[in-house]
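Structure first, then comments.
Since we're looking at a predicted model, the values are computed, not measured. The basis for the numbers below is simple: all heavy atoms, side chains too, and nothing from hydrogens, waters or symmetry mates.
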Amino acid sequence: MVHEWIAVRGARVHNLRNIDVDIPRDRLVVITGLSGSGKSSLAFDAIYAEGQRRYVESLSAYARQFLEQMEKPDVDSIDGLSPAISIEQKTTAANPRSTVGTVTEIADYLRLLFANIGVPHCPNCDREISSQSLEQIMDMVLLYPPDERINVLAPIVRGRKGEFRKELAAIRAKGFTRARIDGQFVALEEEIKLDRRRNHTIEVLVDRLVIREGVERRLADSLQLALSLADDIVVINTLNGGDRLFSRRLACPDCGISVPEMTPRAFSFNSPHGACPACQGLGAVYDFDPARVVPDDSLSLADGAVRPWADGDEELLAEMLAGLSATFGIDPNVPFGRLPKKHRDLILHGAPGRRSTAARRAAGDPFGADFEGLLPNLRRRFEEGSWAEQEGLEPFRSLQVCAACDGERLRPESRAVRVKGRRLAEYTTIPISRALPLFESIELTAREELIAGRVLKEIRDRLKFLVDVGVGYLTLARSAATLSGGEGQRIRLATQIGSQLTGVLYVLDEPSIGLHQRDNRRLLATLGRLRNLGNTVLVVEHDEETIRTADYVVDLGPGAGEHGGRVMFQGPPQQLMAAPGESLTGRYLRGELRIEPPAVRRRPGAAKLVVRDARANNLKGIDVAFPLGLLIAVAGVSGSGKSTLVNEILYRALARRLYRAADEPGAHGGIEGVELIDKVIQIDQSPIGRTPRSNPSTYTGLFTQLRELFAMLPESRARGYKPGRFSFNVKGGRCEACQGDGVTAIEMHFLPDVYVTCEECKGRRYNRETLEIRYRGRSIADMLDLTVDQALPLLESFPAMASRLRTMQDVGLGYITLGQSATTLSGGEAQRVKLARELARRSTGRTLYILDEPTTGLHFADVHKLLDVLGKLVDQGNTVIVIEHNLDVIKAADWIIELGPDGGEQGGQLIGEGPPEAIAAIADSPTGQFLVDLLGEASGASAS
């Protein structure tokens with residue numbers, strides 16, 4: 001049994017009820033059940049955690065000293081366990097340097113490809129370049145002005161770590177007396193100590209010359225000696241002109257620009273050897289944004305179009321406008337947006353060929369022909385100003401695409417290299433689905449095949465895996481921080497397939513999130529491929545098609561929280577669907593329970609929000625109307641532009657109009673009907689807090705009322721305790737050993753911090769005196785340990801608290817504890833906590849709610865509850881917009897807006913809008929094809 005099954009015995013992690021589970025090895029196994037029933041506890045906190053712990057135990061004693069705090073899961077035994085790898089949703093890097101290319105390691109292979117078979121071009125004139133001879137280098141040096149003093153330097157070390165004692169000793173032995181080390185000239189007879197952990201550049205001073213007649217012979221000898229010392233590279237240094245690098249390998253004959261040797265690090269934006277010097281490889285810089293400096297171009301200069309001038313000296317402003325008008329003919333009374341482009345550019349960027357600020361002041365003409373320009377002026381004031389001035393100017397700055405590299409992140413020499421006529425950015429900035437055919441069409445010569453054949457094959461394979469998991473619409477240059485949880489997970493899944501490991505246990509958390517039903521089958525085929533390599537694939541999932549396709553299903557239930565944690569079924573999915581039983585999942589799969597579309601759909605009225613000419617990212621200049629007072633589902637395949645339309649354009653534009661938010665909306669022509677709503681609320685899946693201090697009760701405001709209740713108790717009043725005494729965030733009532741965290745952080749070298757229970761308070765967070773105050777036999781710590789379902793009967797007589805608890809029950813969170821750490825909540829749970837907070841507030845009836853995939857982590861029964869809650873919001877007169885792939889939500893919506901027909905460049909078009917029946921009637925609609933069957937089943941069921 002050990003070799004054929006993973007046998008879990010006596011699992012009691014979190015809410016698991018001492019369960020026994022047998023999971024077949026080398027199979028695709030789905031763990032399903034209600035939200036909070038213990039799926040993640042079994043898959044991640046028991047099976048994966050034990051796999052990790054056993055791996056750590058196999059390490060050396062030195063390595064284990066950093067990891068000894070890892071606790072054994074509360075399980076009697078787990079047999080047949082393989083090395084475990086988890087692919088979760090939460091671990092997408094927020095590092096701005098991390099991209100799809102770096103996460104999948106395709107960027108590393110591209111660097112190898114370009115370094116080995118790339119053809120360098122001049123970054124100045126774009127001409128293909130080759131090596132220079134000694135005579136050509138001499139001719140270039142002799143073009144320096146007469147009497148120019150030059151140093152001939154041989155760079156024997158360039159940007160490498162080490163102490164380089166042998167190298168320094170060797171050049172001393174050859175008779176050299178001086179060198180330039182890290183930019184400073186030093187005498188070699190002195191003792192030179194270099195930090196071995198830092199990069200160093202060592203250039204030997206071969207000769208000092210003055211350019212004049214008769215120096216040719218000496219120059220040739222010096223250049224020859226420097227080239228032989230420094231592997232065919234020489235640097236000519238002048239006092240005023242700086243350094244110029246020459247190479248017997250690569251240089252442009254026209255411009256004289258020499259290109260350093262092409263190594264893989266020259267194509268990495270994470271290395272100083274490849275990164276753009278202006279933005280350090282980020283592709284963007286913080287700079288003054290013309291859209292923020294002139295937020296309303298319908299105003300004239302005289303009426304305050306330029307926001308930074310609005311609070312300035314009025315006399316100075318009048319003098320400046322008069323000077324601009326007299327010199328350039330700019331009318332200060334014409335709206336800024338209607339000024340000619342040359343006048344707008346002149347105001348923003350200044351007059352060409354202008355003198356310095358000091359020279360303008362000396363000439364007494366600061367606003368005339370030498371006008372500095374608005375943006376240069378603001379940059380100068382920001383750089384030279386005090387902290388307070390910089391703080392005042394900060395609102396006018398935003399993240400702008402780097403002008404030096406145009407967002408490509410690399411230095412000019414690296415950007416100019418081509419493989420088969422294309423630069424690196426031309427491969428990384430197009431959708432992966434288009435990049436794959438390009439790489440497949442590359443034909444290599446026999447020599448290139450020998451050098452780069454395997455590299456090219458690896459790139460093709462990994463791109464194909466990305467297309468197979470449904471992210472072909474992404475680009476390799478896409479920042480990893482902008483990916484959704486589901487996208488990040490599927491990218492790492494493709495990376496694991498590329499690694500070709502066998503005998504591994506993979507644990508995945510809802511890989512179908514964010515995936516259209518059309519692309520789901522490709523994902524399932526990918527999971528099947530991972531299994532066929534000889535791996536066990538364990539998937540926590542609610543998707544019906546995934547459950548039906550699995551080799552084996554473990555269903556947990558029957559409820560959530562303390563009502564869950566039991567095995568309702570384990571076996572092949574065919575048995576789950578055939579055998580009647582208590583399994584809620586089985587009842588939905590058999591059709592005994594179903595989410596029915598509404599009997600009567602709400603009809604759109606005259607009131608609507610209209611987005612005009614939406615063209616951000618891949619949107620094709622579309623006009624989209626959102627009827628108010630309805631439940632609206634925005635559907636479409638992955639990458640079709642749904643999030644761009646709703647989150648980047650609609651939400652940001654409304655937030656800017658209603659709340660003066662700073663985030664720039666995506667490109668669009670305008671929004672009509674804004675006056676018809678008074679609030680816009682976005683409820684996303686970002687964490688409700690990033691520390692163990694944050695929890696559902698603090699986020700919803702329940703904790704404040706709970707502390708006030710405890711402060712009103714007779715014992716508290718006798719002791720003089722105020723509400724602050726019952727806060728674990730301030731001194732007084734909290735445990736000072738852990739400062740109210742309940743856990744202490746153990747700092748781990750090379751690894752994230754590990755949190756262990758505080759020995760002083762045993763995780764209770766409070767000191768002994770505070771815990772002596774009790775309400776109905778429970779301390780404040782006991783109250784925080786209660787689930788929502790348990791707390792409601794105790795607090796029923798307090799309407800404000802009872803209302804908040806009921807809304808949490810309504811969104812399906814009755815199983816979570818009031819004090820559960822925010823860091824342990826899933827993305828779907830965090831989103832529903834936010835939804836509960838909004839539901840508890842008084843509704844104006846004119847609020848627009850925006851939710852991005854709220855069904856994440858929800859079982860069929862939980863989706864049913866969620867639809868009821870959203871229906872209540874709409875019944876109050878509000879509008880709910882849901883970006884969703886879940887067909888049960890889409891068929892229950894009043895109105896559908898579908899984008900497509902595909903992802904990336906092939907998307908961004910409006911496929912159709914109307915009730916689900918209308919979308920189902922569109923032949924080319926990817927969503928409509930699935931709705932036809934669903935709506936047919938529903939009508940058949942209601943007829944029977």
Kindly say whether [Y] contributes a backbone atom to a donor-acceptor pair with the side chain of [X] at under 3.5 angstrom?
{"X": "Lys420", "Y": "Phe439", "result": "no"}
{"X": "Arg97", "Y": "Phe269", "result": "yes"}
{"X": "Ser325", "Y": "Leu321", "result": "no"}
{"X": "Asp182", "Y": "Thr201", "result": "yes"}
{"X": "Ser441", "Y": "Pro437", "result": "yes"}
{"X": "Arg411", "Y": "Pro272", "result": "yes"}
{"X": "Asp289", "Y": "Ser398", "result": "no"}
{"X": "Glu148", "Y": "Pro145", "result": "no"}
{"X": "Tyr659", "Y": "Val680", "result": "yes"}
{"X": "His668", "Y": "Gly666", "result": "yes"}

If you look at every heavy atom in [X] and [Y], which pair is closest and at what distance?
{"X": "Thr263", "Y": "Ala115", "result": "C-CB, 3.6 Å"}
{"X": "Ala305", "Y": "Leu299", "result": "CB-O, 3.4 Å"}
{"X": "Gln906", "Y": "Pro901", "result": "O-CD, 3.1 Å"}
{"X": "Ala614", "Y": "Leu619", "result": "O-CB, 3.3 Å"}
{"X": "Ala653", "Y": "Ile671", "result": "CB-CD1, 3.4 Å"}
{"X": "Ser268", "Y": "Leu410", "result": "C-CD2, 3.9 Å"}

Please say whether more than 12 non-hydrogen atoms of neighbouring residues, nucleotides or ligands are located less than 6.0 Å from [atom1] in [X].
{"X": "Arg657", "atom1": "CZ", "value": "no"}
{"X": "Glu664", "atom1": "CD", "value": "yes"}
{"X": "Asp924", "atom1": "CG", "value": "no"}
{"X": "Arg307", "atom1": "CZ", "value": "no"}

Subject >> Sole candidate of Leu658, Thr879, Ile681 that passes side chain to side chain contact (heavy atoms under 4.5 Å, CB included) when paired with Leu848 >> reply: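 The passing option is Thr879.
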
Original post:
Can you tell which of Val103, Leu474, Thr99, Val471 makes a side chain to side chain contact (heavy atoms under 4.5 Å, CB included) with Leu483?
Top reply: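 Result for side chain to side chain contact (heavy atoms under 4.5 Å, CB included) with Leu483: Leu474.
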
When you check the gap from the basic side-chain N to the acidic O, do [X] and [Y] get nearer than 4.0 Å?
{"X": "Arg379", "Y": "Asp287", "result": "yes"}
{"X": "Glu672", "Y": "Lys608", "result": "no"}
{"X": "Glu905", "Y": "Arg434", "result": "yes"}
{"X": "Glu394", "Y": "Arg397", "result": "yes"}
{"X": "Asp613", "Y": "Lys620", "result": "no"}
{"X": "Arg423", "Y": "Glu408", "result": "yes"}
{"X": "Arg111", "Y": "Asp108", "result": "yes"}

Original post:
Yes or no on side-chain contact (heavy atoms from CB on, under 4.5 Å) for Lys341 and Arg344, after CA distance, side-chain angles and deciding distance?
Top reply: CA-CA 5 Å; Lys341 185 178 184 302; Arg344 294 199 305 272; 4.0 Å; yes

Taking C-beta and beyond as the side chain, do [X] and [Y] meet within less than 4.5 Å on heavy atoms?
{"X": "Glu648", "Y": "Ser643", "result": "no"}
{"X": "Pro146", "Y": "Ile211", "result": "no"}
{"X": "Val646", "Y": "Ile881", "result": "yes"}
{"X": "Ile649", "Y": "Pro665", "result": "no"}
{"X": "Leu301", "Y": "Leu317", "result": "no"}

**OP:** Quick one: sort the Phe288 and Phe382 rings into parallel, tilted or perpendicular, breaks at 30° and 60°.
**Re:**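 Ring orientation of Phe288 relative to Phe382: perpendicular.
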
Subject >> Verdict with supporting geometry, Asn151 and Ile236, side-chain contact (heavy atoms from CB on, under 4.5 Å) >> reply: CA-CA 6 Å; Asn151 296 318; Ile236 303 299; over 6 Å; no

Original post:
So Asn377 and Glu372, side chain to side chain donor-acceptor pair (under 3.5 Å) or not? Walk me through it.
Top reply: CA-CA 6 Å; Asn377 174 267; Glu372 183 180 12; 3.2 Å; yes

Subject >> Between Asn617 and Thr644, a side-chain donor and acceptor under 3.5 Å >> reply: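 Yes - a donor-acceptor pair under 3.5 Å links their side chains.
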
Subject >> Side chains of Asp296 and Ser298, donor plus acceptor under 3.5 Å >> reply: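 Per modelled atom types, Asp296 and Ser298 side chains form a pair under 3.5 Å.
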
Subject >> From CZ (Arg418) to CG (Leu424), nearest 0.5 Å >> reply: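 Here the interatomic distance stands at 12.0 Å.
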
**OP:** With rounding to the nearest 0.5 Å, note down the distance linking CD in Gln400 to SG in Cys279.
**Re:**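 Separation between the atoms: 13.0 Å.
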
**OP:** For Val882 and Val634, run side-chain contact (heavy atoms from CB on, under 4.5 Å): C-alpha distance rounded to whole Å, both residues' side-chain angles, the deciding distance at 0.1 Å, then the answer.
**Re:** CA-CA 6 Å; Val882 179; Val634 179; over 6 Å; no

Original post:
After noting the C-alpha distance and the side-chain angles of Asp902 and Tyr473, does the key distance pass the side-chain contact (heavy atoms from CB on, under 4.5 Å) rule?
Top reply: CA-CA 8 Å; Asp902 224 309; Tyr473 57 89; over 6 Å; no

